[in-house]
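The structure presented is a predicted model; accordingly, all values stated were derived computationally and were not measured.
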Amino acid sequence: MRFFLILILFPFVHFSQEKDSLKIKVSGFLETYYSYDFSNPTTDAKLPFTYNYNRHNEFNVNNGLIRTQLEYGKTYASIAVHAGTYVDDNYATEDIKLFSEAYVGMYLNDNKKSSIEVGIMPSYIGFESAITATNLTLTRSILAENSPYFMTGIKYKYEPNDKWSFSGLVTNGWQRIHKPQKDVAPALGTQIVYKPSEKTTLNWSTFIGKEFYGTELAMRYFSNLYWDNTWNSKWRTILGFDFGIQDSATSNDEHLYWMSPVLIAQYSINSKWQTAVRFEYYQDEDNVIIATSDAFKTSGASVNFDYLPNTKLKLRTEARYFDSKYPIFFDNKSNNFFVTTSLSFEF
């Protein structure tokens, strides 16, 4: 623990040792928020399928994080500790809640085109980060909230050039630090990223592994595909699509499905102001991923305005609306509307 405190207190340390040197870099993120849900929920977490800004009518800390990155020659490591209501909700079933990241990596050649990482790593799935200030919208999309934030395992990455990268992973499962059962085989994952230019990214990620559906443990197959494009200095869009299949352990002929498309468009008014709109849909009729009182078939729309007084500080306000086919929200309502404001600082 004393070693971690030393890393946190000193933002940059440089030790000269023959040909290589040890570099240490410290970064951090702190986000406070206030959210008001017009359904006036009395539960602690206002929505069962979101994990950020999930407290009603109170000021709170969503996520406070400090990250230390080390590099020595061809080896590197990252360790990050965090706290906040996001951690309380997203890591509720984990024994280890302190660490957002804790992994060691190594480049396998001199040109750094291939690498291997082992430990607790940020998820390779999706386009929205837990460091929410980098996302186009204030709150995360339904598909992002209900796919992994992190993965625990080993990752191999190969970048043959500036346009392509290929990754393969062996993990403990679907956002899990510990395996669900000792006799269950590790899960497998892949990621292919194509960047024809600095302004365009096409990403396809997959997951295959045994996961629980209720008390049943059976195979899960999942695909995330998104296209991120910056059109010009004003406009940027992201189009994403999730699709998953869960086998039934009691019947080999039964397969459960869920899917979610999302479209986000951001407009930069000037260097200080940005706005974004989002349209999304999430269908999980069998409650494989989202456990609600009835089948989950929900549409959503949001609009946010962001003020950036400088490169470190961001003030954001978002209005978001959900409309469901069934009364799954608080007080047996089929719709939900809430407004969230956050103030974040990143260094």
S.K.: Can you say whether the rings of F243 and F241 are parallel (under 30°), tilted (30 to 60°) or perpendicular (over 60°)?
M.R.: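 Parallel.
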S.K.: Do side-chain atoms of Y282 reach the backbone of G300 as a donor and acceptor pair under 3.5 angstrom?
M.R.: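 Not at all, since once roles are kept as given, no pair shorter than 3.5 Å links the two residues.
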S.K.: For L343, does its backbone N or O pair with a side-chain atom of E31 as donor and acceptor, under 3.5 Å?
M.R.: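 Checked: no pair found.
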S.K.: How far apart are the closest heavy atoms of F127 and G240, and which atoms are they?
M.R.: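 Scanning both residues completely, I find the closest heavy atoms to be CE2-CA, 4.3 Å.
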S.K.: Is it true that a side-chain atom of E145 and a backbone atom of Y51 form a donor plus acceptor pair closer than 3.5 Å?
M.R.: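 Judged by distance alone, yes, a pair lies under 3.5 Å.
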S.K.: Pairing donors with acceptors under 3.5 angstrom, does anything connect the side chains of S114 and E159?
M.R.: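 No.
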S.K.: With a 3.5 Å cut-off and no angle check, do the side chains of N135 and E128 form a donor-acceptor pair?
M.R.: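 N135 vs E128: no donor-acceptor pair found between side chains.
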S.K.: Would you say S268's side chain and N270's backbone share a donor-acceptor pair under 3.5 angstrom?
M.R.: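 No, because the side chain of S268 does not come within donor-acceptor range (under 3.5 Å) of the backbone of N270.
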S.K.: Specify whether F38 and Y36 have parallel, tilted or perpendicular ring planes, treating 30° as the upper limit for parallel and 60° as the lower limit for perpendicular.
M.R.: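 Perpendicular, since the angle between the ring planes exceeds 60°.
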S.K.: Could you tell me if R278 and S302 have a donor-acceptor pair between their side chains, going purely by distance under 3.5 Å?
M.R.: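 S302 vs R278: donor-acceptor pair found between side chains.
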S.K.: Can you give me the closest heavy-atom contact between R140 and A130, atom names plus distance?
M.R.: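 Nearest heavy atoms, R140 then A130: NH1-N, 3.8 Å.
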S.K.: Would you say the ring centers of W174 and F222 fall short of 6.0 Å from each other?
M.R.: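 Here the rings of F222 and W174 have centres that are less than 6.0 Å from each other.
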S.K.: Do I142 and V288 belong together in a cluster built from hydrophobic side chains that touch within less than 4.5 Å?
M.R.: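 Yes.
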S.K.: Could you tell me which non-hydrogen atom of L169 sits nearest to which non-hydrogen atom of M121, and how far apart they are?
M.R.: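 L169 and M121 have their closest heavy atoms at CD2-CE, 4.5 Å.
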S.K.: At what distance, to the nearest 0.5 angstrom, does OG of S78 lie from CD of Q69?
M.R.: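 The distance works out to 4.5 Å.
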S.K.: Assess, by modelled atom type and distance only, whether the side chains of N336 and D37 contain a donor and an acceptor separated by less than 3.5 Å.
M.R.: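 Checked: N336/D37 side chains pair up, N/O donor to acceptor below 3.5 Å.
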S.K.: Quick check: does any side chain N or O of D284 sit under 3.5 Å from a backbone N or O of I290, one acting as donor and the other as acceptor?
M.R.: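 Yes, the answer is positive, given that a donor and an acceptor are paired below the 3.5 Å cut-off.
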S.K.: So does K113 get a backbone contact from the side chain of N111, meaning a donor-acceptor N/O pair under 3.5 Å?
M.R.: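 Pair found, side chain donor or acceptor close to backbone of K113.
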S.K.: To the nearest 0.5 Å, how far apart are CD1 in I96 and CD1 in I120?
M.R.: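 One finds 5.5 Å between CD1 of I96 and CD1 of I120.
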S.K.: Between Y194 and N203, does any side-chain donor sit less than 3.5 Å from a side-chain acceptor?
M.R.: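 Note: Y194 and N203 side chains miss the donor-acceptor criterion.
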S.K.: If you look at every heavy atom in L30 and G64, which pair is closest and at what distance?
M.R.: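 So the minimum-distance heavy-atom pair works out to CD1-CA, 4.0 Å.
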S.K.: I'd like to know if L136 and F29 are part of one continuous hydrophobic network [Ile/Leu/Val/Met/Phe/Trp/Tyr, side-chain heavy atoms within less than 4.5 Å].
M.R.: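 Unlinked, F29 and L136 end up in two clusters.
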S.K.: Decide whether T237 and W231 meet the rule of one side-chain donor and one side-chain acceptor closer than 3.5 Å.
M.R.: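 Present: a donor and an acceptor within the cut-off.
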S.K.: Between the side chains of R220 and Q246, does any donor sit under 3.5 Å from an acceptor?
M.R.: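 Yes, Q246 and R220 have a side-chain donor paired with an acceptor closer than 3.5 Å.
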S.K.: Do Y281 and Q283 meet the criterion of a side-chain donor-acceptor pair at a distance under 3.5 Å?
M.R.: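 Indeed, the side chains of Y281 and Q283 share at least one donor-acceptor pair under 3.5 Å.
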S.K.: Sequence neighbours left out, cut at 3.5 Å: what donor-acceptor pairs do the side chains of residues 322-330 make with other protein atoms?
M.R.:
residue	atom	partner	partner atom	Å
S324	OG	Y326	N	3.1
S324	OG	Y326	O	2.9

S.K.: Looking at L143, is its backbone amide N or carbonyl O close enough to the side chain of S141 to form a donor-acceptor pair, meaning the two atoms are under 3.5 Å apart?
M.R.: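 Absent.
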S.K.: Are a donor atom and an acceptor atom from the side chains of T200 and N229 found within less than 3.5 Å of each other?
M.R.: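 There is such a pair (donor and acceptor under 3.5 Å, judged by atom type) between the side chains of T200 and N229.
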S.K.: Out of D89, T43, N62, which residue meets the side-chain hydrogen bond (donor to acceptor under 3.5 Å, both in side chains) rule with R55?
M.R.: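 Looking at D89, T43, N62, the match for R55 under the side-chain hydrogen bond (donor to acceptor under 3.5 Å, both in side chains) is D89.
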S.K.: Does the pair D247/K210 count as a salt bridge with the N-to-O cut at 4.0 Å?
M.R.: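 Here D247 does not pair with K210 in a salt bridge, since their nearest N and O are not under 4.0 Å apart.
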S.K.: How far apart are the C-alpha atoms of Y103 and T152, what are their side-chain angles, what is the distance that settles it, and do they pass the side chain to side chain contact (heavy atoms under 4.5 Å, CB included) test?
M.R.: CA-CA 9 Å; Y103 65 89; T152 306; over 6 Å; no
S.K.: Is the distance between the ring centroids of Y33 and Y53 less than 6.0 Å?
M.R.: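 Distance test on ring centres: under 6.0 Å, yes.
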S.K.: Determine whether the aromatic ring centres of Y149 and Y91 lie less than 6.0 Å apart.
M.R.: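 For Y149 and Y91, the ring centres are not under 6.0 Å apart.
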S.K.: Atom NZ in K297, atom OG1 in T292: separation rounded to 0.5 Å?
M.R.: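 K297 NZ to T292 OG1: 12.5 Å, rounded to 0.5 Å.
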S.K.: Report yes or no: do I264 and F305 belong to one cluster of Ile/Leu/Val/Met/Phe/Trp/Tyr joined by side chain heavy-atom distances under 4.5 Å?
M.R.: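 Different clusters: I264 never reaches F305 through Ile, Leu, Val, Met, Phe, Trp or Tyr contacts under 4.5 Å.
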S.K.: Measure the spacing between OG1 of T340 and CG of L138 and express it to the nearest 0.5 Å.
M.R.: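 Going from OG1 on T340 over to CG on L138, the span is 6.0 Å.
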S.K.: I need the minimum non-hydrogen distance between I131 and T134, along with the two atoms involved.
M.R.: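 For I131 versus T134, the nearest heavy atoms are O-OG1, 2.9 Å.
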S.K.: Do T139 and E318 have a side chain donor and acceptor closer than 3.5 Å?
M.R.: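 The answer is yes; a qualifying pair exists.
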S.K.: Is it true that the side chains of T341 and T317 contain a donor and an acceptor less than 3.5 Å apart?
M.R.: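 Looking only at side-chain atoms, T317 and T341 do form a donor-acceptor pair, the distance falling under 3.5 Å.
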S.K.: Salt-bridged, K97 to D88, with N to O below 4.0 Å?
M.R.: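 The answer is no: the pair does not qualify as a salt bridge.
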S.K.: Any donor-acceptor pair under 3.5 Å linking the side chain of Y213 with the backbone of D286?
M.R.: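 Present.
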S.K.: Any side-chain to backbone donor/acceptor pair from N90 onto Y86? Under 3.5 Å, distance only.
M.R.: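 Judged by distance alone, no pair lies under 3.5 Å.
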S.K.: With a 3.5 Å distance limit and no angle check, can you tell me whether D228 reaches the backbone of T201 through a side-chain donor-acceptor pair?
M.R.: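 No, D228 side chain to T201 backbone: no donor-acceptor pair under 3.5 Å.
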S.K.: For the rings on H255 and Y221, is their centre-to-centre separation under 6.0 Å?
M.R.: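 Not close enough - the centres of the two rings lie 6.0 Å or further apart.
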S.K.: In terms of side-chain heavy atoms, does S223 have a donor or acceptor partner in W204 at a distance below 3.5 Å?
M.R.: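 W204 and S223 do have a side-chain donor-acceptor pair below 3.5 Å.
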S.K.: When rounded to the nearest 0.5 angstrom, what distance separates OG in S100 from CD1 in I66?
M.R.: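 These two atoms lie 12.0 Å from each other.
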S.K.: Do E71 and K112 pass the salt bridge (charged side-chain N to carboxylate O under 4.0 Å, His left out) test, and can you show the C-alpha distance, the side-chain angles, and the key distance before you say yes or no?
M.R.: CA-CA 13 Å; E71 184 176 350; K112 298 184 177 180; 3.5 Å; yes
S.K.: What I want to find out is whether K312 reaches E346 closely enough, with some N-O distance under 4.0 Å, to be called a salt bridge.
M.R.: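 Salt bridge flag = no for E346 with K312.
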S.K.: Measure the acute angle between the ring planes of Y76 and Y107, then classify it against the limits of 30° and 60° as parallel, tilted or perpendicular.
M.R.: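 Rings of Y76 and Y107: tilted, as their planes differ by 30° to 60°.
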